[in-house]
Amino acid sequence: MDFETIVQACQENIDGLTVRLRVPHRAARAGLLPPPAPEMRADAHARLVALTRRVHHDLEILIYPKDEWVVPRRHPEGRHVYDVVIVGAGQCGLAVAFGLLRERVGNILVLDRAPKGREGPWITYSRMWTLRSPKHVTGPDLGIPSLAPRSWFEAVFGEDGWEQLGKWPRQAWQAYLDWYRAALDLPVCNDVEVRGFEQDRDFVRVLTDGMTPVSARKVVLATGLEGVGGWHVPAMVRDKLPSTSWTLCTDDVDSLAWKGQRIAVLGAGATAWDRTADLLELGAAHVAMYMRRPQILTANPFRYLEKAGYLRHYASMDDADKWRWIQTIFAFGQPPTQDGVDRCAAFETFSLHPGAAWSDVEQTHDGIRVSASDGSTALYDHLFIGCGFSMDPRNRRELAALADNIATWTDVFTAPEEQPDPWLATYPYLNRDLSLVEKVPGRTPVLAHVHCFNYGATVTNAHSGASLSGLRYGIEPLIHGITHALWKADEPEHFARVSAWAVVDTDPSSLKRHRRPPNP
């Protein structure tokens with residue numbers, strides 16, 4: 001990246017952040033307000049340019065081994081073949097790209113269906129004020145201090161700003177990722193949706209909307225929480241109500257559109273709480289939240305798990321131990337954020353229905369009648385669904401054609417009687433390199449070249465494929481596995497080259513006059 005490009009990218013980063021940090025509809029918003037971000041430094045642009053230069057210098061220091069080593073491939077029909085195509089340019093997809101580049105695998109491509117700067121949840125559907133993770137958590141930097149989130153934050157807001165910070169504003173986190181992508185000059189193509197994978201001789205044909213098919217040796221799915229399924233909508237809602245009567249909590253919509261309306265929210269995960277708070281703050285007449293659990297979760301075991309021993313070595317445990325750990329952790333569940341709860345609690349127009357699943361929904365002239373398992377019945381103008389996500393690849397456009405042959409934990413592992421968990425059993429069962437496994441070997445061989453680095457990797461690889469806290473360690477089996485497979489395929493060519501190596505390293509001609517003839 002040349003100097004002028006660095007300067008421009010850093011200016012765009014600062015300008016975009018200035019706009020994003022403004023609270024949307026602030027004049028119309030009631031209730032609690034987000035904690036103010038620290039003041040940006042007056043010289044933030046110059047500091048960010050200097051930091052970007054430092055990143056480049058640090059990477060130059062760490063340049064050994066320097067040479068790219070993967071033997072280029074060409075499709076028999078003349079098309080370019082990428083060594084790796086990464087689907088998804090959020091925090092995990094960008095980190096995978098950087099991880100491969102550090103291993104000198106440079107023939108890669110990252111695809112994302114979103115416009116540039118709108119990848120992931122942070123400035124689209126997310127309505128939380130801050131990240132849940134502690135501010136000191138690292139991940140995408142892969143151990144490079146100048147590339148760490150804190151380094152970017154201190155460049156923009158100053159060292160004193162870092163000390164003032166409680167947790168990351170989500171908009172600032174997106175700005176960090178935007179800078180990370182620009183500083184590393186990662187090869188991302190936006191506005192491209194992947195719609196399928198096909199075996200094409202020795203390669204994977206990646207079918208897309210937005211560009212011609214792409215050929216690759218390996219594919220990584222860095223597609224976030226819902227990356228092996230989709231956001232779950234109860235069949236009752238989907239079948240009995242028109243689509244205009246309900247909205248996903250994860251849809252990128254403006255809560256102001258429901259000002260003055262009666263809203264019911266199904267689900268009590270963090271995203272449901274944040275959406276509920278946003279609806280209340282922007283003038284919904286009443287918002288009722290329905291949750292299956294009899295009480296709100298309070299303990300968060302994920303905080304305990306932020307230890308190097310667990311994060312690095314979970315993936316090395318056998319299946320029985322993995323199941324024992326992950327089933328115990330998921331039995332706890334994950335509580336909503338304190339911010340989400342407090343924002344809702346600030347409104348008398350909020351009501352909570354614990355232990356109340358929906359038993360029926362009906363569209364009437366007066367509104368949507370919701371009947372719940374606690375015996376209550378009420379009318380609403382609109383419904384929001386926050387029931388989490390499925391692990392059913394039939395719901396994924398890019399995986400649907402392969403879904404019936406993707407092995408799950410049910411297909412490979414028998415859970416102990418005392419540790420049943422039908423939900424966890426639906427997660428894909430992955431190889432050590434996080435590649436998908438066939439139920440019937442040989443039926444869909446392309447799956448061996450598709451690696452899962454989204455939330456579907458959780459049971460196999462711990463909290464890594466869509467979680468910041470596990471990213472640093474969870475990425476290691478993936479990068480090692482992909483580069484190992486590329487090396488194995490290329491090893492005969494490398495061995496032939498080294499066997500015929502004839503490049504002069506030492507020239508002995510200066511010793512010519514010192515040579516003595518042999519004794520007669």
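Position 1 is the first residue of the sequence, and the numbers go up from there. All values reported here derive from a predicted model rather than from experimental measurement.
In this structure, CG in Asp191 is found 11.0 Å from NZ in Lys116, a value given to the nearest 0.5 Å. Atom CZ of residue Arg275 and atom CD1 of residue Ile385 lie 12.5 Å apart, to the nearest 0.5 angstrom. Distance check: Thr247 OG1 to His382 NE2 gives 2.5 Å after rounding to the nearest 0.5 Å. Taken to the nearest 0.5 Å, the NE2 atom of His451 stands 5.0 Å off from the CG atom of Asp433. Here the straight-line distance linking atom CG of Leu177 with atom CG of Leu94 works out to 6.5 Å at 0.5 Å rounding. Expressed to the nearest 0.5 Å, how far CD1 of Ile475 lies from SG of Cys92 amounts to 7.5 Å.
Using the six-membered ring where Trp is involved, Trp179 and Tyr176 have ring planes that are tilted, between 30° and 60° apart. The aromatic rings of Trp173 and Trp122 stand perpendicular to each other, their planes meeting at an angle above 60°, with 30° marking the opposite boundary. In this pair, Phe330 and Tyr455 present their aromatic rings tilted. The plane angle is within the 30 to 60° band. Relative ring orientation between Trp325 and Tyr310 is described as tilted, the plane-to-plane angle lying within the 30° to 60° band.
A salt bridge does not link Asp141 with Arg472: every distance from a Lys NZ or Arg NE/NH1/NH2 to an Asp or Glu carboxylate oxygen is 4.0 Å or more. For the pair Asp360 and Lys240, the salt-bridge criterion is met [side-chain N within less than 4.0 Å of a carboxylate O]. Under the 4.0 Å criterion applied to side-chain N and carboxylate O atoms, Glu119 and Arg181 are assigned as salt-bridge partners. Checked for salt-bridge contact, Glu476 and Arg312 meet the test: a charged N lies under 4.0 Å from a carboxylate O. Using a 4.0 Å cut-off between charged nitrogen and carboxylate oxygen, Arg397 and Asp209 count as a salt-bridge pair. A salt bridge links Asp278 with Arg29; the closest basic N to acidic carboxylate O contact falls under 4.0 Å. Arg20 has a carboxylate O that lies under 4.0 Å from a charged side-chain N of Asp178, or vice versa, which qualifies the two as a salt bridge.
Residues Pro477 and Ala315 share a closest heavy-atom pair of CG-CB, 4.5 Å. Here the shortest heavy-atom pairing between Thr124 and Arg127 reads O-NH1, 2.8 Å. The nearest pair of heavy atoms linking Ala466 to Leu225 is CB-N, 3.9 Å. Between Gly267 and Ala272, the shortest heavy-atom contact is O-CB, 3.4 Å. Residues Pro336 and Trp273 come closest through the heavy atom pair CB-CD1, 3.4 Å. Minimum interatomic distance between Tyr314 and Thr460 (heavy atoms only, all atoms of both residues): CE2-O, 3.7 Å.
Asp374 and Ser376 form a side-chain donor-acceptor contact under 3.5 Å, judged by distance and modelled atom types alone. Defined by atom type and a distance below 3.5 Å, a donor-acceptor pair is present between the side-chain atoms of Asp254 and His25. Side-chain contact annotation: Ser351 with His286, donor-acceptor N/O pair under 3.5 Å present.
Aromatic ring centroids of His353 and Tyr290 lie under 6.0 Å apart. Remark: aromatic rings of Tyr180 and Trp152 are distant, center separation not under 6.0 Å. Taking the ring centroids of Trp162 and Phe157, they lie at or beyond the 6.0 Å cut-off. In this structure, Trp409 has its ring center closer than 6.0 angstrom to the ring center of Tyr429.
At most 12 heavy atoms of other shown residues, nucleotides or ligands fall within 6.0 angstrom of atom CZ in Arg292. Few gaps surround NZ on Lys135; more than 12 heavy atoms of other groups in view lie less than 6.0 Å from it. Atom CD of Gln419 is surrounded by more than 12 heavy atoms from other residues, nucleotides or ligands within 6.0 Å. Counting non-hydrogen atoms of other residues, nucleotides and ligands closer than 6.0 Å to CZ of Arg113 gives a total of 12 or fewer. More than 12 heavy atoms of other residues, nucleotides or ligands sit less than 6.0 Å from atom CZ of Arg238.
The shortest distance between side-chain heavy atoms of Leu430 and Leu436 falls below 4.5 Å. Side-chain contact between Val156 and Arg47 is absent, with no heavy atoms from C-beta onward closer than 4.5 Å. The shortest distance between side-chain heavy atoms of Arg150 and Pro145 does not fall below 4.5 Å. A 4.5 Å side-chain heavy-atom check between Leu311 and Leu305 finds every atom pair outside the cut-off. The shortest side-chain heavy-atom distance between Leu379 and Ile368 does not fall under the 4.5 Å cut-off. Residues Phe453 and Leu221 form no side-chain contact, since every pair of their non-hydrogen atoms from C-beta on lies 4.5 Å or further apart. Between Pro354 and Ile296 the shortest side-chain heavy-atom distance does not fall below 4.5 Å. With contacts defined as side-chain heavy-atom distances shorter than 4.5 Å, the pair Arg132/Asn300 qualifies.
In terms of modelled atom types and a separation under 3.5 Å, the side chain of Arg53 and the main chain of Ile6 share no donor-acceptor contact. No donor-acceptor distance shorter than 3.5 angstrom exists from the side chain of Ser390 to the backbone of Gly229, with no hydrogens or angles considered. No donor-acceptor pair closer than 3.5 Å links the side chain of His45 to the backbone N or O of Gln8. Using modelled atom types, no side-chain atom of Asp381 and backbone atom of Gln261 make a donor-acceptor pair closer than 3.5 Å. Looking at Arg396, its side chain never comes within 3.5 Å of a backbone N or O of Gly230 through a donor-acceptor pair.
The ring pair (Phe, Tyr, Trp, His ring centres under 6.0 Å) with Phe384 is formed by just one residue from the set Trp258, Trp231, Tyr125; it is Trp258.
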- [ ] Apply the test ring pair (Phe, Tyr, Trp, His ring centres under 6.0 Å) to residues Phe332 and Phe302: give CA-CA distance (whole Å), side-chain angles for both, the deciding distance (0.1 Å), then the verdict.
- [x] CA-CA 10 Å; Phe332 274 92; Phe302 289 84; 9.3 Å; no
- [ ] Dump the intermediate steps for salt bridge (Lys or Arg N to Asp or Glu O under 4.0 Å) on Arg118 and Asp252, then the final yes or no.
- [x] CA-CA 11 Å; Arg118 296 186 65 81; Asp252 186 9; 2.8 Å; yes
